[in-house]
Amino acid sequence: MYEKIDGTFSFSYCCRNSHCGLCGAKINGKPGLMCREAARQEMTLEPLDNLPVIRDLMVDRQEYENRKDSLRLFLDRVNVPAKQPEKIDLEDLENFKVASRCVECYCCVSSCPVLYENKHEYLGPAGMVQLARHAFDPRDELNRDVVAYSGGLYNCTTCGKCTEVCPHNIAPAEIIQLLRAKLVANGRAPRAVNQLIEMVKDSQKSLPPPKGKKSFLEQNANASATKVGLFVGCVIDYDVRLMPIAVAAVKVLQNLGIEIAIPPEQVCCGIPLKEVGAHEQIRELVTKNVEAFKKASCNQVITICSSCGLSAKKIWPEIYQKATGNGLPFEVKDFCEFLVENPLSLEGLPGLKLKATYHDPCSLKRGQGIYEEPRQVLRAIPELDFVEMPEADYCCGGGGGLRLTNLEISQCILKRKMSFLKDMDVEAIVTSCPTCIKQLTVGLSKQRLRSIKVLHPATLVAQTMGLI
Ligand code: SF4
Ligand code: SF4
Ligand code: FES
């Protein structure tokens, strides 16, 4: 373009080989390195978001560069060990190597919903990766976890947008959780995080029980031994407004002729602890959950909360493997994933006259790679008018413990999410995560859009089948 069409076209580059990080831009809507992308007859190039534009594709990185200066991003070491070669922690070394791959292209910065709202209270994913490089350098002596904390370590929603776009596969969202784990292990976690850890330690649940009411498990758990089990999750188990989701899911599955085990021994899935960095405390929860479904002879476990599903698919196998040397004795399926694989026929049913859209929970789309299945389920409902919302996978601000640690930023992200609904004229937002359901309900209420319902796919399917 520069050579043939417009000689004044401005962009920056240097290495042409993915190393300098200067050529970051939005390519067909997604942040990436231009030098990695073959030119096509038709493509859209835009400057990165969340950075001031100087001209055309050139963005101003100075603000981030200035902030880096205060982080002491060099090896800080006074005490040299008496014995050489010195012993180093291999796990730390591995994390150090991953963080060292960062070329500061700022693709992650461009996609971070927190930086979109507030650039002053958060260093952002690139800054955290730079800090992590030194935090995991076995030779470094500075308390990098403390620096990260003052740079807004707990202001991340763990939405995974940064991980999705990083051209060097660094997974900043994971790195941020590892930095949090360092802070927790060093006894420096913020009060809200310590309270959560204490609660899970005492009750093996991530929220307090419903006052004066029985939990879903207290009312519905069964000890039957059967092939398919239901993992309920703390939010649906304890929140009386959300318990009907589990009731609906059970009815739909039973209507498909599936006998469901709901082991009473199941506890918190562990994801709230993972997100805030309490990694050591998860092991016991995972063992209890796996043993509960093993005892019930399940070879499939269905989750109705996408965060629990992410935990059961990604965290449980790793921890269980380390503890026992074995893989999980069952496979884990999200509710919609299960329905698509075990097709239910909704044809011929009266249907639901409803205009609805779908919000992709971060833990389902980026966490589990599932986004088509819920849409397939919704499209199968007769008379339901399904419309896509813009930025359907934009975080609602409810994850990563952000509501505990920085409610203000969480609400700002939610407000932006609500703005995508403008002019859509929908009657319902459907989503597979109970925390998103709670967060979106608050957002709609604040925008005086209370007439829009927030529903779980299980509720809609059960309604279509006339089960609730
Ligand atoms: S973490 Fe990845 S996306 Fe972010 S600046 Fe580094 S290389 Fe770029
Ligand atoms: S996980 Fe989401 S909120 Fe956290 S740094 Fe990455 S993009 Fe930002
Ligand atoms: S030109 Fe250096 S990373 Fe693209």
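Both counts, for ligands and for their atoms, begin at 1 and track the order of listing.
In summary, Cys14 places no N/O/S atom under 2.8 Å from atom 2 (Fe) of ligand 3, failing the contact criterion. At least one N, O or S atom of Cys20 sits under 2.8 Å from atom 2 (Fe) of ligand 3.
Heavy-atom contacts of Cys23 reach the following atoms of ligand 3: 1 (S), 3 (S), 4 (Fe) (cutoff under 4.0 Å). Every atom of ligand 3 is numbered from 1 in the order shown, and the set under 4.0 Å from a heavy atom of His19 is 3 (S). Close contacts between ligand 3 and Ser18 involve ligand atoms 3 (S) [criterion: under 4.0 Å to a heavy atom].
Taking the ring centre of Tyr394 as origin, the terminal cationic atom of Lys417 falls outside the region bounded by 6.0 Å and 45° from the ring axis. In this structure, Arg375 fails the cation-pi test against Tyr358, since its NZ or CZ atom is not both closer than 6.0 Å to the six-membered ring centre and inside 45 degrees of the ring normal.
Nearest non-hydrogen protein atom to atom 7 (S) of ligand 1 is Val103 N, 3.6 Å. Cys105 SG, 2.3 Å is the protein heavy atom nearest to atom 8 (Fe) of ligand 1.
Here Asp56 contributes atom CG and Phe11 contributes atom CZ; the two are 10.0 Å apart, rounded to the nearest 0.5 Å.
Side chains of Lys205 and Val200 form no contact here, defined as non-hydrogen atoms less than 4.5 Å apart.
Scanning both residues, Thr158 and Arg180, for their nearest heavy atoms gives CG2-NH1, 3.9 Å.
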